[in-house]
Every structure is written in structure tokens, then in C-alpha cells.
Amino acid sequence: MKPNPATLRSEAQAFADAVRDGDPEAYVPTCPDWQLRVLVGHIGQAFRWSAGILRTRAAAAVPDPHDADPGPVTAWRSWIMDSADEFLAAYDRTRELVWTFLGNRSPEFWLRRMLHDTTVHRYDACLTTGAAYALTDHLAEDGVNERMELLSDPVAWKVLPALEKLRGEGETLQFQPESGIGWFVTRTPSGIAYERKHGSADATVVAPMPALHLLLAGRIPVDQAIVAGNRTLIEHWLSTTSL
């Protein structure tokens, strides 16, 4: 899937709709250390932080979401959309490689990263406020693809040392949507490798594509999916990769 600026802006608008009547002090069940105002602050802060990276093409320290100030609830939509527009303007002007935590990459890295960060946090917002949540299979599929690409990158463990725990001796896991081709993962001594294929794995998870995306993002429990084979392998994967 090629990153699409219009899709990101649409997701930002949907997030703003989900929080417009929210209680700023309500705790977010899927981000238990955050109140809703922190979640809203994070979304705008992340857009502005990554916009700065696009403008300078240089590394920038990850900001603390608790330091973000989205203002009163009545200002949240402006905070979110102004932040998204700042990011998109920076993206539109950037043609060169930019810094990422995996090395220099094209600007599309950050467009895709911000898109999927927003889709997952929109779920957090909806869970907190009671707003309805829906995600297309197409967008959910790319969310899983991006996650697999990040986790299997040769330098990922240097950024997140916990990923060392995913090294293995050939154990296999399959993450399978209810229709279409899933992700077949092999744990090797040098890290994880994945293919888009059907296969016979040591452990398999089956769920609708949007649910699979949320499961792998640590947003819904494994009990909401069908698990076959070695459940411990799945639970270990989820506990290690739910970032």
C-alpha cells in the first residue's frame, strides 16, 4: 500500500470526532497510564514531532506525551487538525531521505508510521469515549504489514532490545485473516522473518483483518481470536511485540 496523505487526514478527522465530547480526565483502558487529554496531546505532538524530522531530516528526541497541551476540549479538533496539516505540509515539501529510528528512509516512512499510529490510537479514543470504531480491511492489512516490516528489520532489536527475545530456532507462527493471505513468521537465531503465504505453523491465530491488526497492536485480547497449536508461542509474541 502506498501511503496516502488524504487517508491520514481522514484518520485524524475521525480521531477528532471520537474525542469531541470526551472527558479529559478519563483514563484510557488500553493506555492505562494516560488520561484522554494525554492521548489527544500525544496525537498532535506526534504529528508536530515528525513534521520537524521531515523539515530538518535529522533525529529528534521522542517527546513526553504528558508535556503536550491540547488545550480545552473545545480546542481539541483544532489541535489535532492543525497538527496533522503541519505534518502533511512538511511531507509535501520533503523529497530527500530523512532520519528514522531504523536509519535514513524516504519521507513515506513517516507518513505510514503516523497513519497507523493514528488508526490504533483512534481505537483507544473510541474505547474511552464510547464512539463507534471501524477500520477497512485494506488499511488494517497495511497496518499489519508495517508492523511485520518494522519487527523484522535487521536493526529493530537495537532500538527495542526486548525484540532479542524473538530470536528462535525455527519456531513458526501464522497470523491469518478470515479471508486472504496471512503472515507466516519464522523465529531464527538472527531474528524473525516473515512471508505472505499459507503454511503449517506451530501456532496459528485467525481473526477478521481489523481485529488481527488490533490484536497485534496489543489492543484486544487473544481470546477474541481463534488460536490453534502452541498458544504459548502466540502469547510470548504478543507480550514481546505489543509496543
Side-chain angles (χ1 to χ4, degrees), residues 6-51 62-88 110-144 146-147 150 160 205 207-225 235 237-243:
T7 303
L8 184 144
R9 198 170 195 282
S10 177
E11 279 295 312
Q13 289 176 328
F15 182 95
D17 288 341
V19 300
R20 62 185 172 189
D21 297 320
D23 175 1
E25 306 306 314
Y27 279 90
V28 180
T30 39
C31 300
D33 294 333
W34 290 5
Q35 293 168 296
L36 187 60
R37 60 178 172 77
V38 177
L39 178 64
V40 174
H42 164 71
I43 289 295
Q45 182 189 61
F47 281 134
R48 292 166 192 243
W49 172 71
S50 51
V62 178
D64 184 341
H66 291 85
D67 292 338
D69 181 11
V73 174
T74 53
W76 282 1
R77 172 170 284 275
S78 295
W79 164 259
I80 294 162
M81 299 314 301
D82 288 350
S83 301
D85 287 341
E86 179 180 335
F87 172 86
L88 290 171
W110 286 111
L111 179 62
R112 195 180 187 202
R113 181 81 293 277
M114 289 301 99
L115 172 60
H116 294 306
D117 188 59
T118 305
T119 63
V120 170
H121 283 313
R122 181 165 64 82
Y123 176 80
D124 299 329
C126 290
L127 191 64
T128 307
T129 65
Y133 182 83
L135 189 66
T136 65
D137 284 0
H138 185 64
L139 194 51
E141 179 180 9
D142 191 63
V144 178
E146 189 220 22
R147 175 169 290 268
L150 294 175
L160 296 168
V205 175
M209 189 70 81
L212 197 61
H213 176 46
L214 292 173
L215 173 66
L216 291 171
R219 264 42 189 195
I220 63 174
V222 70
D223 291 342
Q224 293 189 27
E235 291 173 345
W237 174 279
L238 295 174
S239 65
T240 304
T241 63
S242 296
L243 310 173

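Only this structure's heavy atoms are used, side chains among them; waters, hydrogens and symmetry mates stay out.
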Might you point out which heavy atoms bring [X] and [Y] nearest each other, and give the distance in Å?
| X | Y | value |
| --- | --- | --- |
| Val205 | Ala225 | CG1-CB, 3.6 Å |
| Val38 | Pro65 | CG1-CB, 3.8 Å |
| Pro24 | Val73 | CG-CG2, 3.3 Å |
| Arg113 | Leu150 | NE-CD1, 4.1 Å |
| Trp79 | Ala68 | CZ2-CB, 4.3 Å |
| Cys31 | His121 | SG-CE1, 4.3 Å |

Considering only heavy atoms from C-beta outward, does the side chain of [X] approach that of [Y] to under 4.5 Å?
| X | Y | answer |
| --- | --- | --- |
| Asp142 | His213 | no |
| Leu214 | Gln224 | no |
| Leu88 | Leu111 | yes |
| Phe47 | Met81 | no |

Kindly say whether [Y] contributes a backbone atom to a donor-acceptor pair with the side chain of [X] at under 3.5 angstrom?
| X | Y | answer |
| --- | --- | --- |
| Arg9 | Thr7 | no |
| Trp76 | Gly71 | yes |
| Thr119 | His116 | yes |

>> Run the side chain to side chain donor-acceptor pair (under 3.5 Å) test against Gln35 and tell me which residues pass, sequence neighbours left out.
In response: Glu25, Arg37
How long is the gap from [atom1] on [X] to [atom2] on [Y], to the nearest 0.5 Å?
| X | Y | atom1 | atom2 | result |
| --- | --- | --- | --- | --- |
| Asp117 | Glu11 | CG | CD | 11.0 Å |
| Asp23 | Thr128 | CG | OG1 | 10.0 Å |
| Leu36 | Leu127 | CG | CG | 11.0 Å |
| Thr129 | Arg20 | OG1 | CZ | 9.5 Å |
| Glu86 | Ser50 | CD | OG | 8.5 Å |
| Thr240 | Leu160 | OG1 | CG | 11.0 Å |

> side chain to side chain contact (heavy atoms under 4.5 Å, CB included) between Leu115 and Leu139: does it pass, once the steps are laid out?
Replying inline: CA-CA 9 Å; Leu115 172 60; Leu139 194 51; 3.7 Å; yes
>> Under the criterion side chain to side chain contact (heavy atoms under 4.5 Å, CB included), I'd like the reasoning laid out for Leu135 against Arg122: C-alpha separation, chi angles, the key distance, then a yes or no.
In response: CA-CA 10 Å; Leu135 189 66; Arg122 181 165 64 82; 3.8 Å; yes
>> Restricting to ring pair (Phe, Tyr, Trp, His ring centres under 6.0 Å), what partner residues turn up for Tyr27, sequence neighbours left out?
In response: none
>> According to ring pair (Phe, Tyr, Trp, His ring centres under 6.0 Å), who are the partners of Trp49, at least two apart in sequence or on a separate chain?
In response: Trp110
>> For a side chain to side chain donor-acceptor pair (under 3.5 Å) check, start with the C-alpha distance between Thr30 and Arg219, then their side-chain angles and the critical distance, and finish with the verdict.
In response: CA-CA 6 Å; Thr30 39; Arg219 264 42 189 195; 4.5 Å; no
>> Is there a side chain to side chain contact (heavy atoms under 4.5 Å, CB included) between Val40 and Ile80? Walk through the geometry before answering.
In response: CA-CA 7 Å; Val40 174; Ile80 294 162; 4.1 Å; yes
> Do Trp34 and Asp124 pass the side chain to side chain contact (heavy atoms under 4.5 Å, CB included) test, and can you show the C-alpha distance, the side-chain angles, and the key distance before you say yes or no?
Replying inline: CA-CA 10 Å; Trp34 290 5; Asp124 299 329; over 6 Å; no
